[in-house]
Each structure stands twice: as C-alpha cells, then as structure tokens.
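Only heavy atoms go into these numbers, but all of them, side chains included; no hydrogens, no water, no symmetry mates.
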Amino acid sequence: LMRGFTELTGVELNIKEAESNGAQLSLVQAGTTKFDVINPDAVWTSKFAAAGLTLPIDTARLPSLEETLPAFRNRPETIYDGKVYAIPTRFGVNGFVYWPDKISAASAADAELAWDPALKDRIEIIDWPELYLWMTGKWLGQAKPEEATGEALQKILDKMNAFRPNMRALQADMGTVKSDLTNREAWMVWGSSSDNVRTTARLAGADVELSIPKQGGAMWMETLQIVRGTEHLASAMAYIDYMTSAKAMKQMAWGADKFAVTNAKVKDLLTAEQVKALGLDKMEEWVANCQMSLAPVDETAWADAWQTFKMG
C-alpha cells in the first residue's frame, strides 16, 4: 500500500506508529519529530485543531474525495471552526458479534444481553476504554456520555462492574478476541470493531452474526490530517489523495486487515463474495443505527474509571 504511493510520486515515506490517539497528540505536541500527516480517529479532530497542531484542508485539491460515500462527506467530526481538518479513511461499527446457536437474534437486539446471567464468562472485550464507557453511558440513557464525570461517570462504572461476571476476558488486542470467538471459547464479542471481528471470524469458517442493539451502536472512523508547520505540504496532500483513492482503499479493505472504507468505488473492485464477507452489503443499515462514539471531555476521569474497572 505505501509502496504504491512511492512508485506513483517518487516520495519516500517515513512511518512512525503510535499506540493511541492520545499518544499521537503527545508526539505532535512534543515536536521532537516533525510529522507531515497523522491519522487520529475523527472524534479527536477538534482536539488537534484547537491546539493549533493541524491545518485546514482544501478538499477541492483532493480529486479522490469525489468518490467518498455520501454518509462520510462533510461529517461534523471532521470540521472545526467551519473548516475541514480531517479526511475519513477507514471506519467500523460496534455492537455484538455472536454465535447464533448460543444466542438468539432477538436477544442480540437488546443491549441488556451483555448483562444476561446466562452468558457468565462467555463475553470478551478489548482494552478500549473510550468505546465501552461511551456505549454503556449511551445505553443508560445519557444524552452526552462523553461529558460524564462525577455521579454520571460513576453510574457508567457501576454498570460496567455489573458486567464483569459475564466477561471471559479483557484482551489487549483484537486478534485474541477473534480467535476465541472463532474457537467458541467465547460466545460473543462486544465492540472490538464488530464488523471486522465478524469478517475475520467468518473467513475462518465461523458462522457468526453481527447485531446492532435497538439502543444503538457506536461507530469509529479514522482520518488523515495535516500537521501545522509541515515542510512538505504538496506531498502531504498527494498522500491523502492517494490514500483515499479506490485503488489504495481496496487494499485497506481486502488486505492483511479487513476494514470498511469510505470510497464508494471500492465495491466495484471487489468480488461479490468479498463484498459480502466485509459486510458491505449490510453496512448502510449498521451505520444508520450507530452514533460516532466521542472522546471524553475529562480524559483523566475516564482513565481512572477504566483502571478501576480493570482492577475489579
């Protein structure tokens, strides 16, 4: 994927990985390494822009964006102060992925399934505090769970603690929850980028299903953003245009990792079987029943709450 950009433009890429959105923010703020492009989740766009770390993007200079799915054009999470600061690339939905011979579709349509005593030690999640605290808050009826602190956050934590008897494991990575689901060691995976979990399990021969509960699911979306002060603006724009092209996004969708992407023409480059395996035939329905999970206003309080949950 990256080699394709170099072959196209002659520009060599120097890639540095960060373990989280917060880690990316810290790296850019530190200024030790001069970044040109970063790829935080969309909900962090305002944090980077408000801190003066990123530049507004002239989308008219990105021809590939004409192929963007309508649902991902001019999304509010990518805009700050009336200007576009982030370009969507990959995305996913979060709900329940489950074995239908163990859990009925009717049961999986209700978020309370995660707290069903019949699933004791049968559900796995990953170490993704923003997702689970936000989803739990939403399911508790909180209009803006990302703003939860004090008593509101305690209610979320209490609900998460009530989930612990059903939690088989809190895994550090997605690979383990996928294998445990495929091997039937887990009957259900909550969140963990559910569409990707479903795709991977199905390709491994596991006839699992994905459900977005009636209370709603959560969506995530990665973006590309340009760092303020870049000395390679033209190359940064060329990189974003390349990465949002159908050719590059096909490799994102059907590469080593398999994720939904925002370029509408990718479906034309995939086989019917690949489209079905990725869930692209159902993605519009899933997305319609999800909201973008938002970054917490009080990151420290949420980090403390999650640590308390993990400690049991």
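- Between Ala295 and Glu130, the closest heavy-atom pair is CA-OE1, 4.5 Å.
- A 4.5 Å side-chain heavy-atom check between Pro88 and Thr78 finds at least one atom pair inside the cut-off.
- In this structure, Ile38 and Phe48 have side chains that are in contact, with non-hydrogen atoms separated by less than 4.5 Å.
- The number of heavy atoms from other shown groups lying within 6.0 Å of CD (Glu112) is above 12.
- Annotation for Gly217 and Met135: closest pair CA-CE, 4.2 Å, computed over non-hydrogen atoms.
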Check the pair Met292, Arg75 against side-chain contact (heavy atoms from CB on, under 4.5 Å), reporting the backbone distance first and the verdict last. CA-CA 10 Å; Met292 194 72 68; Arg75 288 198 62 98; 3.7 Å; yes
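- Atom CD1 of Ile156 is separated from atom NZ of Lys138 by 10.5 Å, given to the nearest 0.5 angstrom.
- For the pair Arg228 (side chain) and Gly52 (backbone), a donor-acceptor distance under 3.5 Å is present.
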Walk me through it: do Asp195 and Lys282 pass the test salt bridge (charged side-chain N to carboxylate O under 4.0 Å, His left out)? CA-CA 10 Å; Asp195 56 307; Lys282 298 182 178 182; over 6 Å; no
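- There is a side-chain donor-acceptor pair under 3.5 Å between Gln171 and Asp180.
- Counting non-hydrogen atoms of neighbouring residues, nucleotides and ligands closer than 6.0 angstrom, the CD atom of Glu66 reaches no more than 12 such neighbours.
- Results of the side-chain contact (heavy atoms from CB on, under 4.5 Å) test with Lys250 over Leu269, Val261, Leu1 single out Leu269 as the only residue that passes.
- The 12-atom threshold is not exceeded at NZ of Lys155, counting heavy atoms of other residues, nucleotides or ligands nearer than 6.0 Å.
- Thr68 places a side-chain N or O within 3.5 Å of a backbone atom of Leu65 that can act as its donor or acceptor partner.
- Just one residue in the list Gln291, Glu146, Gln142 forms a side-chain hydrogen bond (donor to acceptor under 3.5 Å, both in side chains) with Trp134, and that residue is Glu146.
- Both Ile15 and Leu8 are assigned to one and the same hydrophobic cluster, defined by single-linkage of ILVMFWY side chains at heavy-atom distances under 4.5 Å.
- Between Trp190 and Phe96, the two ring planes are perpendicular [angle over 60°; tilted spans 30° to 60°].
- Classification of the Phe309-Trp306 ring pair by plane angle, with boundaries at 30° and 60°, yields tilted.
- The pair Asp116-Arg122 does not count as a salt bridge, with every side-chain nitrogen at least 4.0 angstrom from each carboxylate oxygen.
- From Glu124, atom CD reaches atom CE of Met174 across 13.0 Å, with rounding to the nearest 0.5 Å.
- Checked by atom type and distance alone, the side chain of Asn94 pairs as donor or acceptor with a backbone atom of Ser193 at under 3.5 Å.
- Distance check: Cys290 SG to Met283 CE gives 9.0 Å after rounding to the nearest 0.5 Å.
- Among Lys16, Gln24, Gln225, the one residue that satisfies the side-chain contact (heavy atoms from CB on, under 4.5 Å) test with Phe35 is Lys16.
- Clustering ILVMFWY residues whenever any of their side-chain heavy atoms sit less than 4.5 angstrom apart, transitively, puts Trp302 in a cluster other than the one holding Val297.
- Classification of the Phe72-Phe91 ring pair by plane angle, with boundaries at 30° and 60°, yields tilted.
- With Arg168 contributing its side chain and Glu185 its backbone, the two residues share a donor-acceptor pair below 3.5 Å.
- In the hydrophobic clustering of ILVMFWY residues, with side-chain heavy atoms under 4.5 Å counting as a link, Val11 and Val37 come out together.
- The number of heavy atoms from other shown groups lying within 6.0 Å of NZ (Lys247) does not exceed 12.
- Between Ala277 and Thr199, the closest heavy-atom pair is O-OG1, 2.8 Å.
- Panel note: side chain Trp99, backbone Leu181; a donor-acceptor pair is recorded below 3.5 Å.
- Connectivity analysis of hydrophobic side chains (ILVMFWY, heavy atoms under 4.5 Å, direct or indirect) links Tyr80 to Tyr85.
- Side-chain contact annotation: Ser104 with Tyr98, donor-acceptor N/O pair under 3.5 Å absent.
- The closest side-chain heavy-atom distance from Gln307 to Asp304 is not below 4.5 Å.
- Atoms CG and CD1, from Leu62 and Ile57 in turn, are 7.0 Å apart once rounded to the nearest 0.5 Å.
- Side chain to side chain, Gln154 and Asp158 meet the donor-acceptor criterion of an N or O pair below 3.5 Å.
- In this structure, Asn14 places its CG atom where only 12 or fewer heavy-atom neighbours from other residues, nucleotides or ligands lie under 6.0 Å away.
- Between Asn39 and Leu224 the shortest side-chain heavy-atom distance falls below 4.5 Å.
- Expressed to the nearest 0.5 Å, how far OG1 of Thr182 lies from CG of Leu203 amounts to 9.5 Å.
- Taking CG of Leu119 as the reference point, atom CG of Asn166 lies at 5.5 Å (rounded to 0.5 Å).
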Evaluation steps, side-chain contact (heavy atoms from CB on, under 4.5 Å), between Glu77 and Asp41: CA-CA 9 Å; Glu77 302 89 359; Asp41 285 349; over 6 Å; no
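- Side-chain atoms of Thr244 and Asn263, non-hydrogen and from C-beta on, never get closer than 4.5 Å to each other.
- Ion pair Arg202/Glu209 flagged as a salt bridge, since at least one NZ, NE, NH1 or NH2 atom sits closer than 4.0 Å to an Asp/Glu carboxylate oxygen.
- Proximity of a side-chain donor or acceptor of Thr262 to a complementary backbone N or O of Leu69 within less than 3.5 Å is not detected.
- The side-chain heavy atoms of Leu278 and Trp254, taken from C-beta on, include a pair separated by under 4.5 Å.
- Counting all heavy atoms, side chain and backbone alike, Ala86 lies closest to Thr45 at CB-OG1, 3.4 Å.
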Take Glu222 and Met252 through the side-chain contact (heavy atoms from CB on, under 4.5 Å) test and state the conclusion after the steps. CA-CA 12 Å; Glu222 281 186 357; Met252 292 186 210; over 6 Å; no
Walk me through whether Thr59 and Ile87 qualify under side-chain contact (heavy atoms from CB on, under 4.5 Å). CA-CA 9 Å; Thr59 56; Ile87 305 300; 4.1 Å; yes
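- Put simply, the side chain of Leu280 reaches to within 4.5 Å of the side chain of Leu270, judged on heavy atoms.
- The shortest distance between side-chain heavy atoms of Val43 and Trp220 does not fall below 4.5 Å.
- Under a 3.5 Å cut-off, the side chain of Asp241 and the backbone N or O of Arg61 do not form any donor-acceptor pair.
- For Ala111 against Gln215, the heavy-atom pair with the smallest separation is N-OE1, 2.9 Å.
- Nearest heavy atoms, Tyr132 versus Ser192: OH-OG, 3.2 Å.
- The local environment of NZ in Lys258 is crowded, with over 12 non-hydrogen atoms from other residues, nucleotides or ligands closer than 6.0 Å.
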